[in-house]
Amino acid sequence: MVAGNAVQTTSLGEEIVRRINLLGAISEEAGKLTRIYLSKELREAADLILGWMREAGMSAHLDAIGNVCGRYEGEGPGAPCLMLGSHYDTVRDAGKWDGPLGVITAIACVADLNRRGRRLPFAIEVVGFADEEGVRFASTLLGSRALAGTFDKSVLNTRDRDGVSMRDALITFGLDPDHIGAAARTRRELIAYLELHIEQGPVLETQNLPVGVVTAIAGATRLAARLTGMAGHAGTVPMALRRDALAGAAECIGAIEQFCRTDEGGLVGTVGYIQAKPGATNVIPGEVSFTIDMRAPIDMHRKRAVAEIVPQIEAIAERRQLVLQLDVTHENGTAPCAPWLKEQIAQAIGVEGFSVFELPSGAGHDGMAMIDIADVGMIFVRCRGGISHHPDEHVELADAEAGARVLLRVIENFRPWEGKSSPQVTG
Ligand code: GLV
Ligand code: MN
Ligand code: MN
């Protein structure tokens with residue numbers, strides 16, 4: 001049988017942009033794109049993607065953590081796979097491209113192979129990870145960690161900002177929290193993990209290049225801080241007698257910014273979320289929660305920075321008589337991309353007629369979790385103005401097309417295990 005030989009009337013890039021817009025319209029906030037983990041909109045998006053996977057000739061299912069998984073068999077059934085993926089959750093008020101570009105492009109490549117009836121000596125799997133952003137439950141990479149078999153079950157008890165536990169959210173989504181282990185895959189099932197993603201920075205644009213080869217994904221530490229003081233009347237408590245948790249948090253945020261600004265090793269620190277309670281104009285804030293995200297290109301540097309900033313936060317809390325609770329919610333070392341995959345990506349870029357340019361990723365990606373069970377390679381696609389995690393995030397159609405062409409070329413020319421230290425690695 002010649003598999004799915006329907007005629008494609010649009011280019012790969014046009015099809016990708018069309019689907020980016022369809023997925024970008026599935027949002028829990030009117031006029032904004034917000035699709036967080038285990039929301040009903042995430043479920044709607046999952047169903048749409050599963051349909052696209054099936055149309056592309058894949059068998060497809062939702063796994064135990066909410067990842068969408070498609071499989072395109074190789075020349076024979078049951079072969080190890082080249083896994084392609086990215087995520088389909090978003091930050092709040094997001095752009096349309098961060099995550100979905102990689103999922104949609106991978107599906108477009110498989111659809112192209114399927115239209116031509118082309119099977120390869122290996123299977124291709126496409127995964128849309130359900131939580132890469134970590135917006136809802138403080139911890140991040142939940143989808144890829146579950147798939148890599150490194151999901152930390154204690155996260156099930158964490159609660160979102162509305163007090164809903166991850167356990168309950170999974171049940172509402174239609175999944176069984178005690179069954180997450182079923183999402184885990186083993187090293188022997190995967191030949192490699194490849195991800196195409198928008199760059200989310202300005203480097204490729206500066207280089208005037210549509211695509212680049214990622215060298216490594218920078219590590220990150222995330223912390224959750226809670227300062228508890230004493231709520232009180234905004235009109236009656238003299239300034240010297242206050243234990244204002246929000247004023248304390250403000251001082252901590254200033255200290256974090258100052259610390260990172262004066263660093264010379266590429267350290268970046270962000271307080272991206274803050275909540276003050278009880279949250280009224282005329283009440284001194286008694287309790288404040290905020291997050292801290294710290295990243296640096298070198299793991300030791302980031303770890304040292306965290307070790308130095310924590311005592312500063314502790315000292316601020318103590319001086320202001322605030323009780324501090326500080327927990328590390330996420331810790332990921334830098335994930336290097338495998339040389340043999342970088343080489344194959346570079347060759348594909350060259351064959352497509354572009355100059356080969358290597359760059360590191362400052363943003364986190366699912367490859368950080370996937371590296372526990374597979375060698376990882378990444379292709380970056382240029383984005384306009386380096387803007388990301390913002391509704392203005394944009395990829396030109398020609399660049400989406402270039403990314404797809406390169407990914408397709410990598411797949412079709414893929415030499416499994418070439419350069420890999422051991423082809424017989426067992427899970
Ligand atoms: C994900 O986009 C991250 O880098 O936090
Ligand atoms: Mn992303
Ligand atoms: Mn992101």
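Indexing begins at 1, ligand by ligand and atom by atom, following the structure's order. Nothing here was measured: the structure is a model prediction, and the numbers come from that model.
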field: salt bridge (Lys or Arg N to Asp or Glu O under 4.0 Å) evaluation trace for Lys32 with Glu41
entry: CA-CA 13 Å; Lys32 291 179 181 172; Glu41 290 73 19; over 6 Å; no

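For ligand 1, the atoms sitting less than 4.0 Å from at least one non-hydrogen atom of His389 are 1 (C), 2 (O), numbered in the order shown with element in parentheses. Taking every heavy atom of Ala363 and a limit of under 4.0 angstrom, the matching atoms of ligand 1 come to 4 (O). Of all atoms in ligand 1, numbered sequentially from 1 with element shown, those under 4.0 Å from a heavy atom of Gly364 are 1 (C), 3 (C), 4 (O). Using a 4.0 Å cut-off to heavy atoms of Glu133, the atoms of ligand 1 that qualify are 1 (C), 2 (O). Within ligand 1, counting atoms from 1 as listed, the ones closer than 4.0 Å to a heavy atom of Glu132 are 1 (C), 2 (O).
Restricting Asp98 to its N/O/S atoms, the shortest distance to the Mn ion (ligand 2) is reached by OD1. Of all N, O or S atoms in Glu133, the one lying closest to the Mn ion (ligand 3) is OE2. For the Mn ion (ligand 2), the nearest N, O or S atom contributed by His197 is named NE2.
Contacts of Arg222 with ligand 1, taken as heavy-atom pairs under 4.0 Å, involve the side chain alone. Of all the heavy atoms of Arg295, the ones lying under 4.0 Å from any atom of ligand 1 belong exclusively to the side chain.
Glu132 lies apart from the Mn ion (ligand 2) in this respect, since none of its N, O or S atoms is found at a distance under 2.8 Å. In summary, an N, O or S atom of His389 is located under 2.8 Å from the Mn ion (ligand 3).
Summarising the geometry, atom CZ belonging to Arg18 is positioned 13.0 Å from atom CG belonging to Leu397; distances are rounded to the nearest 0.5 Å.
Neither side chain, Gln344 nor Arg409, offers a donor N or O lying under 3.5 Å from an acceptor on the other. In the model, Asp98 has a side-chain atom that pairs as donor or acceptor with a side-chain atom of His389 under 3.5 Å. Side chains of Asn332 and Arg295: no donor on one and acceptor on the other come within 3.5 Å. Looking at Asp293 and Thr270, their side chains never bring a donor and an acceptor atom within 3.5 Å of each other.
Among Ile26, Val91, Val135, the single residue meeting the side chain to side chain contact (heavy atoms under 4.5 Å, CB included) criterion with Arg35 is Ile26. Paired with Leu196 under the rule side chain to side chain contact (heavy atoms under 4.5 Å, CB included), one option of Val103, Leu101, Val406, Ile345 passes, and it is Leu101.
Every N/O-N/O distance between Gln200 and ligand 1 stays at or above 3.5 Å.
A heavy-atom separation below 4.0 Å is not found between His330 and ligand 1.
Distance alone, capped at 3.5 Å, is enough to place a donor-acceptor pair between the Glu199 side chain and the Leu204 backbone.
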